[in-house]
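These notes concern the structure reproduced below.
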Amino acid sequence: MLSKIERTAKLSGLEVIKVNPAFTSVIGALKYAPQFGIDKDIAGTYVIGRRALGFKEEIPENYLKLLSDREYLEYAIYTYTEKEEELKEQLKKETNQYKRNAINSELKQVQKAKGLLLEKLKSLQDEPSFCEAVNGRNPKRGETKKVSQSAWQVLRVAFVLPLLGKFFVRDFSDMAKTDKQVSSLRGWGDVPMRDFFEQPLKLLL
């Protein structure tokens, strides 16, 4: 497939730029699908195009607040623990092997997601306080830490089950339109989900 694309592009005088596709679907689903009302697949190709042009995908400010709030992470871990116990009970009662395999598969994914959140919470507990950076100076206003691509995966598991109420989410395009409240962030009060996405959108303009 790729070789055919390269041959066709060469005949048409077009350049083919290869990029690492890692996390493009996750980034597209969380960052661009709700902002532009597009499905995650189109949003993922948007990320690939931006990556080919040399753009880097920073996590928007509101998402960073979500990942740096210890109380919220503890709440998120609790929701995964509840889901884990629910699936274990289902597994005990289910006799159909096909259904048992499906439950067991979901259980493993929930446990993996919970593990990512536990690691994130531990990293926050090990970090210096906000008032003093690692090198002893206070962070500049508006300064953000560099984030790895894996942080997007942590963000996804921190977001889907605790805030959307389900582990498997296929379509993120309508999230910005919902009236669901984001109330777990310290000092935010009850924030409609659509307002939660306003700041990330502004950061792109």
Side-chain angles (χ1 to χ4, degrees), residues 20-35 37-48 57 59-60 62-125 147-185 191 193-194 196-197 200:
N20 183 354
F23 297 100
T24 51
S25 295
V26 174
I27 296 170
L30 290 171
K31 189 172 184 180
Y32 297 115
Q35 292 174 35
I38 56 180
D39 66 49
K40 68 178 183 63
D41 296 320
I42 295 175
T45 60
Y46 185 67
V47 175
I48 289 174
E57 301 295 346
I59 296 182
N62 287 348
Y63 281 150
L64 287 176
K65 288 181 180 179
L66 197 74
L67 289 180
S68 62
D69 189 302
R70 290 187 176 109
E71 290 180 9
Y72 175 77
L73 287 176
E74 289 171 353
Y75 162 74
I77 291 167
Y78 172 75
T79 63
Y80 277 97
T81 300
E82 280 196 323
K83 185 65 176 177
E84 182 182 10
E85 294 305 315
E86 176 189 325
L87 290 170
K88 285 180 178 178
E89 285 300 314
Q90 290 180 18
L91 198 58
K92 287 179 182 178
K93 297 175 182 178
E94 185 58 61
T95 57
N96 182 289
Q97 189 58 46
Y98 177 79
K99 291 182 179 180
R100 282 180 60 83
N101 290 342
I103 294 170
N104 197 44
S105 176
E106 184 177 358
L107 176 60
K108 287 179 180 178
Q109 292 185 62
V110 167
Q111 289 172 333
K112 180 180 178 181
K114 179 182 172 182
L116 287 172
L117 293 176
L118 286 168
E119 288 179 10
K120 178 60 182 176
L121 182 61
K122 184 178 184 303
S123 72
L124 289 181
Q125 293 169 341
V147 292
S148 66
Q149 290 181 342
S150 60
W152 286 98
Q153 186 65 30
V154 178
L155 175 61
R156 184 186 183 283
V157 300
F159 195 81
V160 288
L161 184 62
L163 292 182
L164 302 183
K166 48 188 176 180
F167 186 62
F168 296 105
V169 180
R170 300 295 182 189
D171 185 12
F172 290 79
S173 61
D174 289 333
M175 286 197 299
K177 302 175 186 177
T178 182
D179 290 326
K180 183 177 177 65
Q181 301 290 304
V182 180
S183 58
S184 298
L185 294 177
V191 182
M193 190 77 77
R194 59 176 177 270
F196 182 77
F197 289 105

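Computed from a predicted model, the values in this text were never measured in an experiment.
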Can you give me the closest heavy-atom contact between Thr79 and Leu161, atom names plus distance? O-CD2, 3.8 Å
Do the side chains of Glu57 and Tyr32 get nearer than 4.5 Å, heavy atoms only? yes
Any chance the side chains of Glu82 and Tyr78 put a donor and an acceptor closer than 3.5 Å? yes
d(Gln153 CD, Ile27 CD1) to nearest 0.5 Å is 10.5 Å
So CD of Glu94 and CG of Asn101: to nearest 0.5 Å the spacing works out to 10.5 Å
Identify the heavy atoms of Asn104 and Leu91 that sit nearest to each other, and give their distance. OD1-CD2, 3.9 Å
When you compare the side chain of Tyr72 with that of Lys65, does any pair of heavy atoms fall below 4.5 Å? no
Please check if the side chain of Tyr46 supplies one atom and the backbone of Ile38 the other of a donor-acceptor pair under 3.5 Å. no
Grab the two heavy atoms, one from Gly28 and one from Ala43, that are nearest each other, plus how far apart they are. O-CB, 3.1 Å
Rounded to the nearest 0.5 angstrom, the CD-CG distance for Gln109 and Leu87 is 10.5 Å
Are Lys122 and Glu119 close enough for a salt bridge, meaning some N to O gap below 4.0 Å? no
Rounded distance (nearest 0.5 Å) linking atom CG of Leu116 with atom CG of Leu121: 12.5 Å
Would a 4.5 Å heavy-atom cut-off, applied to side chains only, mark Pro60 and Lys31 as touching? yes
What I'd like to find out is whether the side chain of Lys99 reaches to under 4.5 Å of the side chain of Gln90, using heavy atoms alone. no
Closest heavy-atom pair, Leu73 versus Leu67, reported as atoms and distance to 0.1 Å, is CD1-O, 3.5 Å
Side-chain ion pair, Arg70 and Glu74, N-O less than 4.0 Å: no
For Ser105 and Ala102, indicate whether the former's side chain and the latter's backbone hold a donor-acceptor pair under 3.5 Å. no
Using only atom types and a distance under 3.5 Å, with no angle test, would you say the side chain of Tyr63 pairs donor to acceptor with the backbone of Leu30? yes
Of all heavy-atom pairs linking Ala76 and Ala158, the shortest is CB-O, 4.5 Å
Using side-chain heavy atoms (C-beta onward) and a distance below 4.5 Å, is Gln111 in contact with Leu107? yes
Go through the side-chain N and O atoms of Thr81 and Lys114 and say whether any donor and acceptor fall under 3.5 Å apart. yes
To the closest 0.5 Å, what do you measure between CG (Leu117) and CD1 (Ile77)? 5.5 Å
On a heavy-atom basis, which atom in Ala113 and which in Val157 lie closest, and how many Å separate them? CB-CG1, 3.6 Å
